[in-house]
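This report concerns only the one structure given below.
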Amino acid sequence: YLPSSSVRFLIGGTLASVEDLAESNFLVEHADLYASKTSGFWIGIYRNVNGQLLWQDNSALDFVNWGEGQPSEDQLDYCVELSVFSGYWSILPCSSQKGFICKKPKIHPLLFAFYLFTDAKKDKAHGRMNTWILLTLVLIVLLGMGFTISFLFKIKTQRETEREARRRSRLLEYSHVLTGRDDENDSTNDKEKNEHSVV
């Protein structure tokens, strides 16, 4: 087994928090598939230095599913196991060989990118540089969207102008048909008028 902290780091999650009975039942149903390999899985409850039970992902500890006699107050440095067979939780030494269930936070992909680029805890200067890179990428995306919108608007107005020109041309043709005039007769009549005025 790899240590659970190493795997959590690799997949970007924490040991699972269990929010309600439905989620607990879901985990037990899926954990049952691995019953031949392990009798339980680590979940993300721990005791802080004050002895208070907390979830590793900082979610509220509103639901518990402790086995009989659990948790014991004297086991501060122990970990919490979800039993594959019963679904109840129990405190065991962290050195015990167990599987583990991890959970990734539910965040929007853009927030994930922001967190990825602004992880300034490790290196503040590197975090600032990554922030500038992220802001530059956002600016490029916004400019691209602006150009796309203006291009589409230009195409739309050009089509509307062409459509209006065709409509006016048709109206002009229809008005000539309705009045009985056409361009050839108009030019012939103009020539005859000019000949009469010359004579």
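Under a 3.5 Å cut-off, the side chain of Thr157 and the backbone N or O of Phe153 do form a donor-acceptor pair. Here the side chain of Asp57 pairs a donor or acceptor atom with the backbone of Ser59 at under 3.5 angstrom. In this structure, the side chain of Ser83 engages the main chain of Phe85 through a donor-acceptor pair within 3.5 Å.
Here Ile101 contributes atom CD1 and Leu27 contributes atom CG; the two are 4.5 Å apart, rounded to the nearest 0.5 Å. Remark: Glu68 CD to Ser86 OG distance equals 11.5 Å, nearest 0.5 Å. For the atom pair CD of Gln56 and CD1 of Ile45, the computed distance is 10.0 Å after rounding to the nearest 0.5 Å. One distance of note links CG of Leu82 with OG of Ser90; it measures 8.5 Å at 0.5 Å rounding. Separation of atoms CZ (Arg166) and OG1 (Thr161) is listed at 10.5 Å; rounding is to 0.5 Å.
Minimum heavy-atom separation, Gly87 to Val28: CA-CG2, 3.3 Å. Minimum interatomic distance between Thr148 and Gly144 (heavy atoms only, all atoms of both residues): OG1-O, 2.8 Å. Considering every non-hydrogen atom in both Trp42 and Pro93, the closest pair reads CH2-O, 3.4 Å. Heavy-atom minimum distance, Val84 versus Thr38: CG2-O, 3.8 Å. In terms of heavy atoms, Ser17 sits closest to Glu23 at O-OE2, 3.4 Å.
Ile43 and Tyr34 fall within the same hydrophobic cluster, defined by Ile, Leu, Val, Met, Phe, Trp and Tyr side-chain heavy atoms under 4.5 Å apart, directly or through other members. Under the 4.5 Å side-chain heavy-atom criterion for ILVMFWY residues, no single connected hydrophobic cluster contains both Val141 and Phe147. Hydrophobic clustering, with ILVMFWY side chains joined whenever heavy atoms are under 4.5 angstrom apart, keeps Phe26 apart from Tyr88. Taken together through direct or relayed side-chain contacts under 4.5 Å among Ile, Leu, Val, Met, Phe, Trp and Tyr, Ile140 and Met145 form parts of separate hydrophobic clusters.
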* Under the side chain to side chain contact (heavy atoms under 4.5 Å, CB included) criterion, do Glu162 and Gln158 qualify, and how do the steps go? -> CA-CA 6 Å; Glu162 290 171 358; Gln158 184 178 5; 3.8 Å; yes

- Does the pair Leu54 and Tyr46 meet the rule for a side chain to side chain contact (heavy atoms under 4.5 Å, CB included), with working shown? CA-CA 6 Å; Leu54 301 169; Tyr46 72 99; 3.5 Å; yes

Audit row: Gln70, Ile91, side chain to side chain contact (heavy atoms under 4.5 Å, CB included) steps and yes/no: CA-CA 7 Å; Gln70 297 287 331; Ile91 294 179; 3.6 Å; yes

Check the pair Val18, Asn65 against side chain to side chain contact (heavy atoms under 4.5 Å, CB included), reporting the backbone distance first and the verdict last.
CA-CA 9 Å; Val18 183; Asn65 197 21; over 6 Å; no

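The ring pair (Phe, Tyr, Trp, His ring centres under 6.0 Å) search around Trp89 returns Trp55, Phe63, Trp66, not counting sequence neighbours. Under the rule for a side-chain contact (heavy atoms from CB on, under 4.5 Å), the partners of Leu172 that lie at least two apart in sequence or sit in another chain are Ser175, His176.
Salt bridge annotation for Glu164-Arg167: present, with a cationic side-chain nitrogen under 4.0 angstrom from a carboxylate oxygen.
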